[in-house]
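I have placed the structure first, in the form of structure tokens, so that the comments after it can refer back to it.
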Amino acid sequence: MINQELAKIFKEMAEYLLMDDVPFKPQAYERAAMNLEMFDGDLERIYKEGGGKALLAIPSVGKGIADKIIEYIETGHVDEYEKMRKAAPVNLSELRSVEGLGPKHIRFLYEKLGIRNVKDLEKAARAKKIRALPGFGEKSEEKILKSIGFFKKRSDGRTLLGTAAPFVRLLEKRLANLREVEQLVVAGSIRRRKETIGDIDILIISREPERVMDFFVKMPEVVAILGQGKTKSSVKTAMGLNIDLRVLPQKSYGAGLLYFTGSKKHNVILREVAIERGYKLSEYGLFKGTRQLPAETEEDIYKTLGLDYIEPELRENTGEVDLAQRHKLPRLVGYGDLQGDLQVQTEWTDGKHSIDVMAKAALERGLAYIAITDHTKHLAMTGGLDEKKIVRQWKEIDLVNKKYAGKIKILKGTECDILKDGSLDLPDSILSQLDVVGASIHSYFKLTRKEQTERILRALQSPYVDIIFHPTGRVIGRRDPYEIDIDRVIDAAKKTGTILEANAYPDRLDLKDEHIRKCIDAGVKIAINSDAHSSAHFDLLEYGIAQARRGWATKNDVINAWPLAKMAAMLKK
DNA sequence: GCCGTTTTCGGCCCGACTGTTTTCAGTCG
């Protein structure tokens, strides 16, 4: 897909325009880049089928950008972009990832010292050449060297929500305990429950901000102070995550929380709505002229703007503001709504604990049913179950069911391997006796898109396969999804009445949010499963719920948010 | 360059912090 390539080009063009101090165009290019990055359609196909006119229908694509898309499709390059690169031949993306270095400085440093990349930059800084430039000084030079240090160590980008969350809870507790802190909330992408986060945003209400800031920047995890002020401080931690702390007065709490929760795109839209209605919205409040309107909570602000409350998970500017205006937002599945878990491994294969221990742990977390879904024989390294072994497992399940009768129901299930040709690793004679059949791919990740799609479609056709587990196979930051045509899979799921999984494991979260939304739109049901390999893993369900909420799922879309009988009736048998 | 029941021109989100300045530009979110 050329969408990503064009997004990158437009993003860089925005930077070049910023270097030249061109007004407004940079934002236009940046918006176009962001939209193309998320855009689902195939630009080449859209152009071939509908011409330039079809491109103009894409938000933030106008005449200028459409022409450049067409130029790229037809010639493989964008002339204006090439010209910009010649005028300032610097490694933009590399230099931009040095914290504190923006487009203006990059241009200036190139013009004065010929700096084209981080290596040049380091050399010049070490030679004390930067401090001599107008507008720079000794401190700027030191800062650049420090930033280069972080640049070199950078683990590249984002942290899993599941990795950051425990650390954040610790921070939260520690800061909330301070006498000076009246109220504390973690905002930003963590509050929106994004699968990975770039940094941590904390919002505090306090009348003694200096003392809070002082404590904050001196915490043991802090390796560098990026900024420290009365209302805003920012630090880098040993684990590479940056933390921004903002202190606000009580009367700004709603507006501040809204602002710092984001997303940026959601905020921009809200401010536009505010302007349309004659208000001004900032992190300090909602204003009519110079008069500040009462807006202590987010709800107040949405209401004044004529909008229904928008859950943080929806604030990505993917249509939520429009629906809030028309009072048509979905009522999202809640964090306490799950009644069961349909993917659980045990010590029979690669899980840590027995069926009994897993049942007890699920019961303690308020679940009413779980499905035991150990691997099958093709996955030999886990000791996958064959026809004989799985029958033996049923006896143990029967025993545990007796023990917990009336409290929690243990369903007989499987995570059955989908073999290379799309056939299943257990015979129908076994599958037909199971309560829940999950099927998933654990081999031949590199098939072509067509082969992989056909393979998974064949599994969907089985009259016994109830759920496809982790349908795209990605492991965030480690393994790309295998090539499948997700639209065809969702379509086939709809036709065959197959459920698709929203796997809750923090580095899987598979399906991802936008796929879940496609399922919901298509009327395909999902199951939010922990994929638990130990008793503690039931706690991971919250990440799956979060992902489902980001995919606009309601309780009605999630079969394991239903009572057992209703859920079972939804399965194929 | 994009966009529009204020629609084909004239707007475009807004403020904190830093380092270098004597009033502000650059960067960030």
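Atoms CZ (A/Arg277) and C1' (B/dT6) sit 14 Å apart, rounded to a whole Å. Between the CZ atom of A/Phe136 and the P atom of B/dT21 there is a distance of 11 Å, given to the nearest Å. In this entry the distance linking CD1 of A/Ile65 with P of B/dC3 reads 9 Å, nearest Å. Rounded to an integer number of Å, the gap from CD of A/Glu272 to C1' of B/dC12 is 8 Å. Rounded to an integer number of Å, the gap from A/Arg31 CZ to B/dC12 P is 12 Å. Between the C1' atom of B/dT7 and the CD atom of A/Glu276 lies a distance of 13 Å, rounded to the nearest Å. For the pair A/Lys143 NZ and B/dT18 P, the interatomic distance rounds to 8 Å; values are reported in whole Å. As a whole-Å value, the separation of A/Asp21 CG from B/dA25 C1' is 9 Å.
You'll find that the side chain of A/Phe24 is closest to B/dC12, out of B/dG29, B/dC28, B/dC12. Of all nucleotides listed (B/dC14, B/dA16, B/dG29), B/dA16 comes nearest to the side chain of A/Arg246. Here B/dG26 is the nucleotide among B/dC13, B/dG29, B/dG26 with the atom lying nearest to any side-chain atom of A/His105. Picking from B/dC28, B/dC13, B/dG1 the nucleotide with the shortest atom distance to the side chain of A/Lys264 gives B/dC13. Nearest nucleotide to the A/Lys104 side chain, out of B/dT27, B/dC13, B/dT18: B/dT27. Taking every side-chain heavy atom of A/Ser282 into account, B/dC14 is the closest of B/dG1, B/dG19, B/dC14. The listed nucleotides are B/dT20, B/dG29, B/dC2; the one nearest the side chain of A/Lys139 is B/dT20. Considering only the side chain of A/Asp244, B/dG29 comes nearest among B/dC12, B/dC2, B/dG29.
Backbone-only contact: A/Lys68 has heavy atoms under 4.0 Å from sugar-phosphate atoms and none from a base. Using a 4.0 Å heavy-atom distance criterion, A/Arg131 is classed as making no nucleic acid contact. When heavy atoms are screened at a 4.0 angstrom cut-off, A/Pro134 is found touching no nucleic acid atom at all. Residue A/Leu17 is classed as having no contact, given no heavy-atom separation below 4.0 Å to the nucleic acid. A/Glu138 comes within 4.0 angstrom of sugar-phosphate atoms only, judged by non-hydrogen atoms across all strands, and of no base.
Rounding to the nearest 0.5 Å gives a distance of 7.5 Å between CD of A/Glu82 and CD1 of A/Ile9. Atom CE in A/Met13 sits 9.0 Å away from atom OH in A/Tyr81 (nearest 0.5 Å).
For the C1' atom pair drawn from B/dT20 and B/dG26, the interatomic distance equals 11 Å after rounding to whole Å. For B/dA16 and B/dT21, the P atoms lie 24 Å apart once the distance is rounded to whole Å. When the C1' atom is compared between B/dC2 and B/dC13, the two are found 16 Å apart, to the nearest whole Å. Distance noted for atom C1' between B/dT18 and B/dC3: 35 Å (whole Å). Only the P atoms considered, B/dT6 is 37 Å distant from B/dC17, to the nearest whole Å. B/dT8 and B/dG4: their P atoms are spaced 13 Å apart (whole Å). Comparing B/dT7 with B/dC12, their C1' atoms are spaced 15 Å from each other, to the whole Å.
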Would A/Glu298 and A/Arg315 count as a salt bridge (Lys or Arg N to Asp or Glu O under 4.0 Å) here? Give the steps. CA-CA 13 Å; A/Glu298 290 182 320; A/Arg315 300 181 193 170; 2.8 Å; yes
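Between the side chains of A/Glu74 and A/Tyr47, at least one donor N or O sits under 3.5 Å from an acceptor N or O.
The phosphate of B/dA25 has neither OP1 nor OP2 within less than 4.0 Å of any side-chain N or O from A/Arg107. For B/dA16, neither phosphate oxygen OP1 nor OP2 lies less than 4.0 angstrom from any side-chain nitrogen or oxygen of A/Lys232. For A/Ser140 and B/dT20, the shortest distance from a side-chain N or O to OP1 or OP2 is below 4.0 Å.
Remark: the backbone N or O of A/Gln547 is not paired with any side-chain donor or acceptor of A/Glu195 at under 3.5 angstrom. Under a 3.5 Å cut-off, the side chain of A/Gln183 and the backbone N or O of A/Ile205 do not form any donor-acceptor pair.
You won't find any donor-acceptor pair under 3.5 Å spanning the side chain of A/Tyr284 and the base of B/dG15, going by distance alone.
Nucleotide B/dC24 is matched to B/dG19 when pairs are restricted to Watson-Crick or G-U wobble geometry with both distances under 3.5 angstrom.
Along DNA chain B, the nucleotide nearest A/Arg271 and the nucleotide nearest A/Pro23 are compared for position; the residue whose nucleotide lies closer to the 5' end is A/Pro23. Where A/Gly137 and A/Tyr29 each meet DNA chain B at their nearest nucleotide, the meeting point lying more 5' is that of A/Tyr29.
The minimum heavy-atom distance linking A/Ser233 with A/Val217 is given by the pair CB-CG1, 4.3 Å.
Residue-environment remark: NZ (A/Lys104) exceeds the threshold of 12 foreign heavy atoms within 6.0 Å.
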